[in-house]
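Let me begin by presenting the structure, written as structure tokens, before commenting on it.
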Amino acid sequence: MQHISPNTIEHKQELLVRVERNERMVQRLSEKLNSYTFEPKCPQRFEKFYELNRHIQEFRKHQNRLLSKIRNQKVDLPETHTHEIESHLDRFKVLESEFAAYLFDLKKPL
């Protein structure tokens, strides 16, 4: 049986907290994206809007699968899940930057 150090357990718990926090952040991003204040006004921006919306939906599906795997593990989190969580957190950073770019682009004149 493999011995797990306290740092490893703390690291895994930190990853789980970050995944759950990102879940709430993505919910807020989705709500903002679908509000009338961020509605696109030209065809290119509509394309970006739909692409961003699709990325959010894909991210949420992956997030739900990941959280389901984690919750089924109960106590110990295998190393493969840890890598998958870290990859998922990186995907969140990309999604967040795409959203920021979309908002920045909306403020540019047509």
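Values in this document were obtained by computation on a predicted structure and should not be read as measured data.
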Minimum heavy-atom distance Tyr102-Pro40, with the two atoms named: OH-CD, 3.5 Å
Gap separating the CG atom of Asn53 from the CG atom of Leu29, nearest 0.5 angstrom: 11.0 Å
Intermediate values then yes/no, side-chain hydrogen bond (donor to acceptor under 3.5 Å, both in side chains), Gln27 and Glu23: CA-CA 6 Å; Gln27 177 67 29; Glu23 182 179 22; over 6 Å; no
Distance in Å, Glu98 CD paired with Leu103 CG, rounded so as to fall on 0.5 Å steps: 12.0 Å
Donor-acceptor contact below 3.5 Å, side chain Arg45 vs main chain Asp105: yes
Reference residue His88; test side-chain hydrogen bond (donor to acceptor under 3.5 Å, both in side chains); the match among Arg18, Arg65, His62, His83: His62
OH (Tyr50) with more than 12 external heavy atoms under 6.0 Å: no
Shortest non-hydrogen contact from Leu33 toward Phe49: O-CE1, 3.3 Å
Residues Arg54 and Glu58 bridged, charged N to O under 4.0 Å: yes
Hydrophobic cluster membership, Phe99 vs Val94, 4.5 Å side-chain cutoff: no
Closest non-hydrogen atom pair, Ser30 against Ile56: CB-CG2, 4.0 Å
Heavy-atom pair of closest approach, residues Asn22 and Gln63: C-NE2, 4.3 Å
